[in-house]
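Please read the structure below before turning to the comments.
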Amino acid sequence: KTGELTAKEVRDFKSYCERESNILLDEEKEYINIFWKSDILVTDASGIIPEYLMTNRPILYCYSQLSAEWTDFASAIINSSYQVHNKEDLIRYIEELLSDKDEKEQERQNCIKVFFGNVKNNSSAILNVLAKS
């Protein structure tokens, strides 16, 4: 609708995705369910990264040419992700992760704990605060 792709380019892309056995084009507006079904997120700078972090699954963060100043929160998430600078990095990390070699798992868990607390007990903590009111 905004002119990035023509209608034909969209049809061609969808056809390509249908032909490939290792691609799933998810056109649902809600993405949380696909997060929990996925194994890895490959992304650039995006607001979905903190939400995906909560799955404690690997994130492959693809750098762009744009320069940015990151907050401590964003820097911690990026550092707990696999940092991809080129095609070779991407392939290497995917191969390692598919071989159950996840060297960033503890960093992700620490990042979740520092920035989100003990999420397993959040409901209980909320109820306790409300009960005391």
Side-chain angles (χ1 to χ4, degrees):
K1 291 181 181 179
T2 58
E4 284 85 3
L5 295 174
T6 67
K8 180 182 181 322
E9 288 171 326
V10 170
R11 284 191 308 275
D12 290 347
F13 179 73
K14 288 180 179 183
S15 294
Y16 170 77
C17 292
E18 289 173 8
R19 287 191 310 272
E20 297 297 316
S21 62
N22 63 344
I23 296 176
L24 168 67
L25 178 61
D26 181 9
E27 296 188 76
E28 294 295 320
K29 289 182 175 42
E30 183 57 49
Y31 51 83
I32 296 298
N33 289 334
I34 201 72
F35 276 10
W36 289 101
K37 293 178 185 177
S38 68
D39 297 313
I40 300 168
L41 174 67
V42 179
T43 186
D44 59 359
S46 169
I48 65 171
I49 295 173
E51 292 180 71
Y52 193 83
L53 177 71
M54 299 304 291
T55 68
N56 195 32
R57 294 191 174 104
I59 299 170
L60 278 65
Y61 175 76
C62 301
Y63 278 89
S64 73
Q65 300 299 327
L66 300 175
S67 62
E69 292 185 33
W70 302 111
T71 63
D72 290 342
F73 175 65
S75 294
I77 292 175
I78 290 169
N79 289 331
S80 72
S81 302
Y82 293 89
Q83 298 171 35
V84 176
H85 297 276
N86 53 47
K87 181 180 173 180
E88 291 76 23
D89 287 347
L90 181 64
I91 292 169
R92 183 178 82 246
Y93 290 136
I94 289 174
E95 287 174 348
E96 288 175 6
L97 291 166
L98 292 175
S99 299
D100 291 326
K101 185 178 177 187
D102 184 359
E103 295 177 359
K104 294 278 190 171
E105 183 175 17
Q106 189 61 51
E107 286 182 61
R108 287 192 308 278
Q109 289 173 358
N110 291 341
C111 192
I112 291 167
K113 186 176 181 181
V114 167
F115 290 102
F116 298 100
N118 185 355
V119 294
K120 291 181 181 176
N121 295 321
N122 280 353
S123 296
S124 296
I126 292 168
L127 289 174
N128 288 336
V129 168
L130 292 174
K132 292 176 184 176
S133 307

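This chain uses plain numbering: 1 for the first residue, then up along the sequence.
A distance-only check finds a donor-acceptor pair linking the side chain of Ser46 to the backbone of Ile48 [under 3.5 Å]. Of the possible donor and acceptor atoms, one in the side chain of Lys104 sits under 3.5 Å from a partner among the backbone N and O of Asn79. Arg57 contributes a side-chain N or O that, together with a main-chain N or O of Phe35, makes up a donor-acceptor pair within less than 3.5 Å.
Judged purely by distance below 3.5 Å, without hydrogens or angles, the side chains of Asp102 and Tyr82 pair a donor atom with an acceptor atom.
Proximity of Ile77 to Pro50: side-chain heavy atoms (C-beta onward) are separated by under 4.5 Å at one or more points. Residues Arg108 and Pro58 have side chains in contact (heavy-atom distance under 4.5 Å, counting atoms from C-beta outward).
Hydrophobic clustering of Ile, Leu, Val, Met, Phe, Trp and Tyr side chains at less than 4.5 Å, counting indirect connections, keeps Val84 apart from Leu41. Hydrophobic clustering of Ile, Leu, Val, Met, Phe, Trp and Tyr side chains at less than 4.5 Å, counting indirect connections, keeps Tyr31 apart from Ile23. Val42 and Ile34 sit in two unconnected hydrophobic clusters of ILVMFWY residues. Membership requires side-chain heavy atoms under 4.5 Å apart, directly or through other members. Under the 4.5 Å side-chain heavy-atom criterion for ILVMFWY residues, a single connected hydrophobic cluster contains both Tyr63 and Leu53.
No more than 12 heavy atoms of other residues, nucleotides or ligands shown are found within 6.0 angstrom of CG on Asp72.
Membership of the apolar cluster around Leu25 extends to Phe13, as traced through chained side-chain contacts below 4.5 Å between ILVMFWY residues.
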